[in-house]
Student: 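If you scroll down you'll find the structure; I have some questions about it.
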Amino acid sequence: FMKVVKILLTALLFSFMASCASTSESGNGGPLNDTEKEFVESLNNYKLTVISSPKNTEVDKPFAAPYVVQVKTVKGAVVPDFSVTVSYPAGKKNAEYVYKTEVLTTNKDGKVSFLPPVYSFTANTKIEFYVTPVAKKKLVIEAVKEKSVKADFKINSKFASKGAILAVWDFDERDKPSNNFFYMNGDLQDLGTTKIGNAPFSDISTLKLTPTELYKKNVEIIGNTYGYLVGGTVKYEKPYEKGDDGFTVYVIGEFWVINMENGEEVYRTTIKKTATDVKYNDAVKKAKRAVSRTFVEEIAEKL
């Protein structure tokens, strides 16, 4: 059976190469020719399985291990010398991932191994493995993708791995500091940050301190247990407005980040967000969450 399958695939690939000119002329659409139909039908004979995946890594640090995928027949026999394509992030453009593909060949155990390169950007997406298609027609690509396997592909920022202590005050509508800006804790956890805590004091007099003074106060209490100190305020930029669509609120967040190892300010930003909802409190939540998420996205890219 295995020899028949390998002969069939080899014949299909050679047939495709011989007819690539006509395939190119037909474009990505149109009906499938006999070779392409046979290929699509043959996909039912195989099953791809992710055997192992590496742990998350971080920017400028290689993955500790490769992704390993195995190909077997539906009856459980391993398939050696089989062509598998991997699609993985190769860059980012306007916050969207740009994917690249590579063609791999299974070994005697029916396995392919893929170790991604070292990355200079963060990522939280998927890596995909599928049978190498014999044509670029839409129906062929859809067929192989339907039977593909995926695995998590995560690259954390250095900020996430080092952790942060937070000294961000959330102000109320009367422009009075009310409590810690708690939205940021959850968003930093989503980024992959496991070491997060609020500054070990709640005295509003700290608002009068400069970032350097606040840094020194934290160092006296907790040292450099956390990689970064995040400070700032989240306020209402102006009074809310009420219209036909509900309440519109305007929120402004001003943040700075200090490296706890040396006291150096490494980032500063101002973020403004507007949100509308029929319920005032929901509009406030939307605007403040947007401020928090935008800040976390920024530092994930910058630090």
Student: Which atom pair, heavy atoms only, marks the closest approach of Val249 to Ala287?
Tutor: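 Nearest heavy atoms, Val249 then Ala287: CG2-CB, 3.8 Å.
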Student: So for atom CG, which belongs to Asp245, do other residues, nucleotides or ligands contribute more than 12 heavy atoms lying within a distance under 6.0 Å?
Tutor: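 Open: at most 12 neighbouring heavy atoms sit under 6.0 Å from CG of Asp245.
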Student: With Ala143, which residues qualify under side-chain contact (heavy atoms from CB on, under 4.5 Å), at least two apart?
Tutor: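 Ala143: side-chain contact (heavy atoms from CB on, under 4.5 Å) contacts with Val40, Leu43.
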Student: With sequence neighbours left out, what residues match Phe295 under ring pair (Phe, Tyr, Trp, His ring centres under 6.0 Å)?
Tutor: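 Ring pair (Phe, Tyr, Trp, His ring centres under 6.0 Å) check on Phe295 returns Phe255.
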Student: So do the side chains of Val84 and Thr105 get within less than 4.5 Å of each other, counting heavy atoms only?
Tutor: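 No. Closest side-chain heavy atoms not under 4.5 Å.
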Student: Can a salt bridge be assigned to the pair Arg289 and Asp187 using a cut-off of 4.0 Å between side-chain N and carboxylate O?
Tutor: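 The answer is yes: the pair qualifies as a salt bridge.
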Student: Please say which of Phe82, Tyr130, Phe39 ends up in a ring-ring contact (aromatic ring centres under 6.0 Å, His included) with Tyr46.
Tutor: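 Checked Phe82, Tyr130, Phe39 against Tyr46; only one passes ring-ring contact (aromatic ring centres under 6.0 Å, His included): Phe82.
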Student: What is the distance from atom CD of Glu146 to atom CD1 of Ile141, rounded to the nearest 0.5 Å?
Tutor: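 With rounding to 0.5 Å, CD (Glu146) is 13.0 Å from CD1 (Ile141).
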Student: Run Val230 and Phe159 through side chain to side chain contact (heavy atoms under 4.5 Å, CB included) and show every step you take.
Tutor: CA-CA 11 Å; Val230 179; Phe159 184 98; 3.8 Å; yes
Student: Check this for me: does any side-chain nitrogen of one of Lys145 and Glu128 sit under 4.0 Å from a carboxylate oxygen of the other?
Tutor: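 Yes, this pair counts.
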Student: Do other residues, nucleotides or ligands put more than 12 heavy atoms under 6.0 Å from the OH atom of Tyr240?
Tutor: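 Count not over threshold, so no.
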Student: Is Lys279 paired with Asp277 through a side-chain N to carboxylate O contact shorter than 4.0 Å?
Tutor: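 Here Asp277 does not pair with Lys279 in a salt bridge, since their nearest N and O are not under 4.0 Å apart.
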Student: With a 4.0 Å cut-off on N to O distance, would you call Lys158 and Asp60 a salt bridge?
Tutor: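 A salt bridge links Lys158 with Asp60.
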Student: If you define the side chain from C-beta out and look only at heavy atoms, does anything of Val257 sit under 4.5 Å from Arg268?
Tutor: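 Answer no - side chains too far apart.
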Student: Would you say that more than 12 heavy atoms from the other residues, nucleotides or ligands in this model lie under 6.0 Å from the NZ of Lys92, or not?
Tutor: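 Yes, the 6.0 Å shell around NZ holds more than 12 heavy atoms from other groups.
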Student: Give a yes/no verdict on a cation-pi contact between Lys126 and Phe153, requiring under 6.0 Å between NZ or CZ and the six-membered ring centre and an angle within 45° of the axis.
Tutor: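 So Lys126 doesn't make the cation-pi contact.
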Student: With no hydrogens and no angle check, do the side chains of Thr49 and Gln70 hold a donor and an acceptor under 3.5 Å apart?
Tutor: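 Absent: no donor and acceptor within the cut-off.
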Student: In Å, rounded to the nearest 0.5 Å, how long is the span from OG1 of Thr233 to CD1 of Ile252?
Tutor: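 Reported to 0.5 Å precision, the distance equals 7.5 Å.
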Student: Compare every heavy atom of Leu115 with every heavy atom of Ala65, then report the nearest pair and how far apart it is.
Tutor: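 Scanning both residues completely, I find the closest heavy atoms to be O-CD1, 3.5 Å.
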Student: Tell me, with the steps shown, if Lys150 and Ile127 meet side chain to side chain contact (heavy atoms under 4.5 Å, CB included).
Tutor: CA-CA 6 Å; Lys150 298 180 180 180; Ile127 186 172; over 6 Å; no
Student: Members other than Ile51 in its cluster, when Ile, Leu, Val, Met, Phe, Trp, Tyr link by side-chain heavy atoms under 4.5 Å?
Tutor: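 Joined to Ile51, directly or through intermediates: Val68.
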Student: Does a donor on one side chain sit under 3.5 Å from an acceptor on the other, for Thr193 and Tyr228?
Tutor: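 No, Tyr228 and Thr193 have no side-chain donor paired with an acceptor closer than 3.5 Å.
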Student: Rounded at 0.5 Å granularity, tell me how far CG in Asp190 sits from CD in Glu297.
Tutor: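 The CD atom of Glu297 is 11.0 Å from CG of Asp190, to the nearest 0.5 Å.
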Student: How about NZ on Lys195, more than 12 heavy atoms from neighbouring residues, nucleotides or ligands closer than 6.0 Å, or not?
Tutor: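 Result for NZ/Lys195: enclosed.
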Student: Is the shortest side-chain heavy-atom distance between Ile258 and Val266 below 4.5 Å?
Tutor: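 Ile258 vs Val266: side chains apart.
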Student: Establish, for the pair Lys288 and Tyr183, whether the NZ or CZ atom is under 6.0 angstrom from the six-membered ring centre and no further than 45 degrees off its axis.
Tutor: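 So Lys288 doesn't make the cation-pi contact.
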Student: Judged by modelled atom types alone, do Glu173 and Tyr280 share a side-chain donor-acceptor pair under 3.5 Å?
Tutor: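 Short answer, yes.
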Student: So how far is it from Ser157 OG to Leu191 CG, rounded to the nearest 0.5 Å?
Tutor: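 It is 4.5 Å, given to the nearest 0.5 Å.
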Student: Does Asn180 reach the side chain of Val168, with side-chain heavy atoms less than 4.5 Å apart?
Tutor: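 When only atoms from C-beta onward are counted, Val168 and Asn180 do not touch, as no gap falls below 4.5 Å.
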Student: Closer than 3.5 angstrom, by distance alone: can the side chain of Thr106 be matched with the main-chain N or O of Val79 as a donor-acceptor pair?
Tutor: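 Present.
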Student: Apply side chain to side chain contact (heavy atoms under 4.5 Å, CB included) to the pair Thr85 and Glu102, showing each step before the final yes or no.
Tutor: CA-CA 6 Å; Thr85 294; Glu102 287 189 24; over 6 Å; no
Student: Taking the six-membered ring of Tyr267, is NZ or CZ of Lys302 closer than 6.0 Å to its centre and within 45° of its axis?
Tutor: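 Output no; distance or angle outside limits.
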Student: Hey, quick one: are Val118 and Tyr88 part of the same hydrophobic cluster, counting side-chain heavy atoms closer than 4.5 Å, chains of contacts allowed?
Tutor: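 No, it is not one cluster - the side chains of Val118 and Tyr88 are not joined through contacts under 4.5 Å.
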Student: Answer yes if the ring centres of Tyr67 and Phe114 are under 6.0 angstrom apart, and no otherwise.
Tutor: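 Judged by ring-centre distance (under 6.0 Å), Tyr67 and Phe114 do not meet the cut-off.
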Student: Decide yes or no for Leu207 and Pro177: does some side-chain heavy atom of the first lie under 4.5 Å from some side-chain heavy atom of the second?
Tutor: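 When only atoms from C-beta onward are counted, Pro177 and Leu207 do touch, with a gap below 4.5 Å.
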Student: Report the relative orientation of the aromatic rings in Tyr97 and Phe121; use parallel for angles under 30°, tilted for 30 to 60°, perpendicular for over 60°.
Tutor: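 Correct class here is tilted.
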Student: Can you tell me how far the CG atom of Leu229 sits from the CG atom of Leu166, to the nearest 0.5 Å?
Tutor: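 Going from CG on Leu229 over to CG on Leu166, the span is 8.5 Å.
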Student: Going by heavy atoms in the side chains, are Val59 and Thr122 under 4.5 Å from each other?
Tutor: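 A side-chain contact exists here, since the closest heavy-atom pair is under 4.5 Å.
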Student: With rounding to the nearest 0.5 Å, note down the distance linking NZ in Lys272 to CD in Glu254.
Tutor: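 Result: 8.5 Å between the selected atoms.
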Student: Does either side chain, that of Thr248 or that of Glu241, offer a donor lying less than 3.5 Å from an acceptor on the other one?
Tutor: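 No donor-acceptor contact under 3.5 Å links the two side chains.
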Student: Do Val278 and Phe247 come close enough that some side-chain heavy atom pair is under 4.5 Å?
Tutor: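 Side-chain contact under 4.5 Å: no.
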Student: Evaluate Asn44 against Lys147 for side chain to side chain contact (heavy atoms under 4.5 Å, CB included), listing each step before the verdict.
Tutor: CA-CA 9 Å; Asn44 294 320; Lys147 295 184 179 297; 3.2 Å; yes
Student: Keeping Thr101 on the side-chain end and Ser87 on the backbone end, is there a donor-acceptor pair under 3.5 Å?
Tutor: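 Such a contact is absent between Thr101 side chain and Ser87 backbone.
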Student: Given the ring of Tyr250, does Lys238 sit roughly above its face, with NZ or CZ under 6.0 Å from the centre of the six-membered ring and within 45° of the axis?
Tutor: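 Output yes; distance and angle both within limits.
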Student: If we only count heavy atoms from C-beta on, is the Ser53 to Asp152 side-chain gap below 4.5 Å?
Tutor: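 No, their side chains stay 4.5 Å or more apart.
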Student: Looking at Lys137 and Pro31, would you say the former's side chain and the latter's main chain have a donor-acceptor pair under 3.5 Å?
Tutor: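 Judged by distance alone, yes, a pair lies under 3.5 Å.
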